J.: 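Here it is, the structure in full.
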Amino acid sequence: MDYWNDFFRALLEQFRPKLEMDHIGEDILHAIVPRSIGSIDVFGFNLIISDATVASWLVMAVLLVLAIYLGRKPQRVPEKKRQQLAETLVDLLLKTCRSSNMTYEQAEQVIPYVGTIAFFITLTNLTSIFKIPPPAKNPAFPIALAVITIIYVIVMSIKFVGLKGFWASLTYPSSALLPFKILDFFIKPVSLSLRLFGNVFGAYILMEFIYIVVPMILPGLLGLWFDIADGILQGIIFTYLSITYIGEVIESAHDSKHQKEEQAQVKAKMKAKALN
Amino acid sequence: MDHGLIAIGAGLAIALAAFGAALGIGLASGKALEASARQPEIAGKIQAMLMTAIIFMEATAIYALVVSLLLIFAF
């Protein structure tokens, strides 16, 4: 019994400094401040290399290796597992694009970009499994992704429906909605970036808190949701929304064209009746 | 600034937003289940629409989360 008493006393002494609640806020603050590793001067600008930069470049390297491995020596009838996996992933993206009003050719044009951001965001969110802080906890990362995505959405939808069709989609169903539809293109990137940032940042802080308070067992269990499932979910949501944004423009351009044709038909009928 | 008040504010921000978001998601999911029970043949389409709706409702809670984190760490 003496042995156990000594053991518990030693354990308490070991853990007492960790159990004091005063340091937790400082520890978390220390964890969420972006760490800069170095900086380079480019044309007079001081570019900081933060931990997010290093993590995202690491993920890019992993992605490149994966892409080369999965896409090497494609066969007409896939026999190898890796080609089947690659085709399943592309097929999934194709189906999502097709279900949001794109034709097969349009979907094929959209997939390279959309697939890239899907796997990039998913893998960058998964870095927290290895205790590397996910780059999306740095607000610059999701904002940059969202701005690039909204520019891509506008460019691709103009490419698909033409400038005239894009204008028609802005003024459908009535031209009074024009300011709101333009405002929508500024709100979309804000909501995209805040969604990704808030989710990853919140999960990261919670996980840091749990690592500090209960360093055993519990982080592993909660990490299944906050590190893995939530990260994958955010990647899927970002991709799904950017596909939906392109699909929305195509759909309303199509609808407005349909409406104009119907109106023209009605007018023609009226004219014919008047002539008779 | 008073840290106790900031803590109460941050807690209230996320709690009220989570209440609203949970209510909205619950209502939408319930209606979607009803609809797909009535018309099982378009269950896939309803699920896709439900997902879009849930993403937007969930976003409000996440904005509140960002606000409350800002309250805690920025002040």
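Predicted, not measured: the structure shown is a model, and the values here were computed from it. Every chain is numbered from 1 and lettered A, B, ... according to where its sequence line falls, protein lines coming before strand lines.
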J.: Kindly compute the distance separating CG (L69(B)) from CZ (F197(A)), expressed to the nearest 0.5 Å.
T.: 7.5 Å
J.: Between F56(B) and L241(A), is a side-chain contact (heavy atoms from CB on, under 4.5 Å) present by the stated rule, with each step listed?
T.: CA-CA 10 Å; F56(B) 288 119; L241(A) 279 179; 4.0 Å; yes
J.: Got a list of side-chain donor-acceptor pairs under 3.5 Å for residues 140-150 of chain A, not counting sequence neighbours?
T.:
from	atom 1	to	atom 2	distance (Å)
T149(A)	OG1	Y113(A)	OH	3.1
T149(A)	OG1	L145(A)	O	2.7

J.: Give the interface residues of residues 8-19 of chain B toward chain A, defined by a heavy-atom separation under 4.5 Å.
T.: none
J.: For the atom pair CD1 (I62(B)) and CG (L196(A)), what is the distance rounded to the nearest 0.5 Å?
T.: 9.5 Å
J.: Answer yes or no: is there a side-chain heavy-atom contact under 4.5 Å between L194(A) and V66(B)?
T.: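 Result yes, sub-4.5 Å side-chain heavy-atom pair found.
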J.: Pull every donor-acceptor pair under 3.5 angstrom between chain A and chain B and give the atom names with distances.
T.:
from	atom 1	to	atom 2	distance (Å)
Y240(A)	OH	A48(B)	O	3.3
Y240(A)	OH	T52(B)	OG1	3.4

J.: Which pairs pass salt bridge (Lys or Arg N to Asp or Glu O under 4.0 Å) with one or both residues in residues 138-148 of chain A, sequence neighbours excluded?
T.: none
J.: More than 12 heavy atoms of other residues, nucleotides or ligands under 6.0 Å from NZ of K181(A): yes or no?
T.: yes
